[in-house]
Amino acid sequence: MLIDNHNRNINYLRLAVTDRCNLRCNYCMPSEGIDFVKNDKLLTIDELISVSEILVGQGIDKIRITGGEPFVRKDLMVLLRALSKMTGLNDISVTTNATLIGPYIDELKELGIKNVNVSLDSINKETFERITRRDQFDTVHNNLIRLITEGFNVRINFIVLDGQNEQDMIPILEVMKHYNVSVRFLEEMPFNGGTKNFSGIKWHHKAILDHVAQAYPEFEKLESPKTSTSVNYKIKGHAGTFGIIPSFTRTFCGSCNRLRITATGDVITCLYGKPKANVRDIVRGESAKENIEKTILKAIGTRAKTGFEAQKEHSQTVFDNSMTSIGG
Ligand code: SAM
Ligand code: SF4
């Protein structure tokens, strides 16, 4: 088991497989993209498998694949096939923008990978294209409906952006009310590659809940797992649920069970903090297993208690990071 210095059990790894992406969401990166890393700085698929195996041996039992956009990596299925056979790994999930997932849906199903988070910040084509700066709405929408109707456990991530998509919060719940899907509204975080001034947010979790409650007064709060980052609700008459993730307000740190490894091998114990170590050279060196185990133990033994404490590890530069390189 991996227990951190605040007695939290770390069993959930978010593993980024690339920092590249085919969209340019304006809350994530500038229109010209960021300085994407060269291929030799990325962990290879074999290295990603080795690192996963070692961490599963240490007590990780859930891995979420993220990025950048995971499906821009052509060899992603090789990793997913290996993960699906890994003893001790009980839950594999993927976070994707759903632009490229179409050809892989059948195999994901065969592998038993059924938890897919789809990022969709608007149900309106023009708004979607303004936010993502790409013409991909129809593809994303078709893939989303296919995933839902083929029985995947789908959660939609919708970041509420002041002046951009707040008018779509109720429409997306209305469109999705016939489907067994969870729509999760996220607070915007300041990891946009330094493109926007970020002094605070209008759409914090309370404002989001008030807004939804005005449209749907009949809803109930659901029981959620202790480590859940979302507070979840059910609206009367809706097939699915909705949730709110206070990702900027950070009310969930007390039960955080997560560890992140970026596409370049950085070990991140809190989104808001600095990398604690890097495993790329270690996995390429002698005694990789033993050295990675030590590195991970040391990293989780020095975790900040909260995201606010972790943020102090940075000077101002924290807000220059992009979510695509941190691994969202
Ligand atoms: N490309 C994939 C996608 O968009 O789903 C996976 C990587 S993306 C960085 C992971 C998650 O981070 C997405 O749900 C995205 O919406 C979220 N994200 C990116 N930038 C964010 C920001 N500034 N604030 C809050 N969430 C953000
Ligand atoms: Fe790409 Fe995901 Fe970032 Fe959008 S949020 S630019 S889809 S990595």
Side-chain angles (χ1 to χ4, degrees), residues 14-34 36-37 63-73 76 93-101 104 115-122 127-137 139-140 143-144 147 152 154-162 164-165 168 172 182-205 208 229-230 243-250 252 258 260-263 268 271-272 307 311 318-328:
R14 295 176 72 99
L15 184 63
V17 296
T18 180
D19 65 340
R20 288 173 194 253
C21 188
N22 56 337
L23 301 186
R24 291 287 179 273
C25 304
N26 61 23
Y27 53 79
C28 181
M29 61 170 105
S31 56
E32 66 278 15
I34 56 161
F36 297 111
V37 298
I63 296 184
R64 173 170 296 282
I65 301 299
T66 180
E69 171 49 37
F71 289 94
V72 300
R73 188 132 182 190
L76 177 68
S93 44
V94 182
T95 298
T96 175
N97 62 31
T99 53
L100 305 167
I101 197 172
Y104 305 105
N115 298 329
V116 180
N117 286 9
V118 172
S119 301
L120 178 66
D121 308 299
S122 176
T127 308
F128 174 92
E129 292 178 6
R130 217 175 301 126
I131 294 172
T132 63
R133 304 179 175 117
R134 293 290 183 274
D135 169 17
Q136 288 288 324
F137 180 79
T139 307
V140 171
N143 284 335
L144 170 67
L147 286 163
F152 283 79
V154 178
R155 299 191 298 194
I156 295 173
N157 285 352
F158 180 117
I159 300 171
V160 188
L161 305 158
D162 184 18
Q164 295 201 71
N165 64 356
D168 275 8
I172 199 168
S182 166
V183 179
R184 287 129 40 99
F185 297 110
L186 281 84
E187 291 176 349
E188 185 180 7
M189 293 186 277
F191 307 118
N192 48 47
T195 46
K196 282 201 267 180
N197 281 337
F198 205 98
S199 48
I201 48 169
K202 174 181 164 199
W203 288 103
H204 52 77
H205 61 110
I208 297 171
T229 51
S230 58
I244 300 177
I245 305 188
S247 29
F248 185 67
T249 312
R250 289 164 260 180
F252 45 63
R258 292 145 185 245
R260 289 181 157 78
I261 302 218
T262 70
I268 295 185
L271 253 185
Y272 285 85
Q311 196 175 326
V318 61
F319 295 157
D320 290 344
N321 289 355
S322 161
M323 202 67 152
T324 198
S325 44
I326 306 171

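In each ligand, atom 1 is the first atom listed, and ligand 1 is the first ligand listed.
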> Is there a side-chain contact (heavy atoms from CB on, under 4.5 Å) between F137 and T132 once you walk through the steps?
Replying inline: CA-CA 9 Å; F137 180 79; T132 63; over 6 Å; no
>> Please determine whether side-chain contact (heavy atoms from CB on, under 4.5 Å) holds for the pair F158 and D168, giving the CA-CA distance in whole Å, both sets of side-chain angles, and the decisive distance to 0.1 Å.
In response: CA-CA 10 Å; F158 180 117; D168 275 8; 4.0 Å; yes
>> Show, in sequence, the C-alpha distance, side-chain angles and deciding distance for L271 and M323, and conclude whether the side-chain contact (heavy atoms from CB on, under 4.5 Å) test is met.
In response: CA-CA 9 Å; L271 253 185; M323 202 67 152; 4.1 Å; yes
>> Checking Q164 against R130 for the side-chain contact (heavy atoms from CB on, under 4.5 Å) test, could you report, in this order, the C-alpha distance in whole Å, the side-chain angles of both residues, the deciding distance, and whether it holds?
In response: CA-CA 9 Å; Q164 295 201 71; R130 217 175 301 126; 5.7 Å; no
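Within ligand 2, counting atoms from 1 as listed, the ones closer than 4.0 Å to a heavy atom of N97 are 7 (S). In the vicinity of N97, heavy-atom distances shorter than 4.0 Å reach the ligand 1 atoms 2 (C), 3 (C), 5 (O). Listed by number with element, the atoms of ligand 1 under 4.0 Å from a non-hydrogen atom of C28 are 20 (N). Close contacts between ligand 1 and G67 involve ligand atoms 7 (C), 9 (C) [criterion: under 4.0 Å to a heavy atom]. If you number the atoms of ligand 1 from 1 as listed, the ones under 4.0 Å from a heavy atom of N157 come out as 14 (O). Taking every non-hydrogen atom of E187 and a distance limit under 4.0 Å, the qualifying atoms of ligand 1 come out as 25 (C). Residue Y27 has at least one heavy-atom neighbour below 4.0 Å for each of these atoms of ligand 1: 16 (O), 18 (N), 19 (C), 20 (N), 21 (C), 22 (C), 23 (N). Close approach of ligand 2 to M29 (heavy-atom distance below 4.0 Å) involves ligand atoms 6 (S).
Annotation: atom 13 (C) of ligand 1 to nearest protein heavy atom, S119 OG, 3.2 Å. Among all protein heavy atoms, the one lying closest to atom 10 (C) of ligand 1 is G328 CA, 3.7 Å. Residue, atom and distance of the protein heavy atom nearest to atom 9 (C) of ligand 1 are M323 CG, 3.5 Å. Residue, atom and distance of the protein heavy atom nearest to atom 2 (C) of ligand 1 are E69 OE1, 3.4 Å. Scanning the protein for heavy atoms near atom 1 (Fe) of ligand 2, the closest one is C21 SG, 2.2 Å.
Under a 3.5 Å cut-off, the side chain of S119 and the backbone N or O of N97 do not form any donor-acceptor pair. Judged by distance alone, with hydrogens and angles left aside, the side-chain atoms of R134 form no donor-acceptor pair with the main-chain N or O of F128 at under 3.5 Å. Judged by distance alone, the side chain of E187 and the main-chain N or O of H205 form a donor-acceptor pair under 3.5 Å. A donor-acceptor contact shorter than 3.5 Å is absent between the side chain of R184 and the backbone of S230. Proximity of a side-chain donor or acceptor of N165 to a complementary backbone N or O of D121 within less than 3.5 Å is detected. The backbone N or O of C28 sits less than 3.5 Å from a side-chain atom of S322, completing a donor-acceptor pair.
Residue C28: no N/O/S atom is found under 2.8 Å from atom 4 (Fe) of ligand 2.
Neither the backbone nor the side chain of D121 has a heavy atom within less than 4.0 Å of ligand 1.
The option from S325, G327, C25 that lies nearest to atom 6 (S) of ligand 2, judged by heavy atoms, is C25. Checking M29, M189, R64, R184 against atom 24 (N) of ligand 1, the nearest heavy atom belongs to M189. For atom 16 (O) of ligand 1, the nearest non-hydrogen atom from the set V17, I159, I156 comes from I159.
Screening T96, T95, N22 against E69 for a side-chain hydrogen bond (donor to acceptor under 3.5 Å, both in side chains) leaves a single residue, T96.
A cation-pi geometry, defined here as NZ or CZ lying under 6.0 Å from the six-membered ring centre and within 45° of its normal, does not hold between R73 and F71.
The shortest N/O to N/O separation between G68 and ligand 1 falls below 3.5 Å. Taking only nitrogen or oxygen atoms, main chain and side chain alike, N192 does not reach within less than 3.5 Å of ligand 1.
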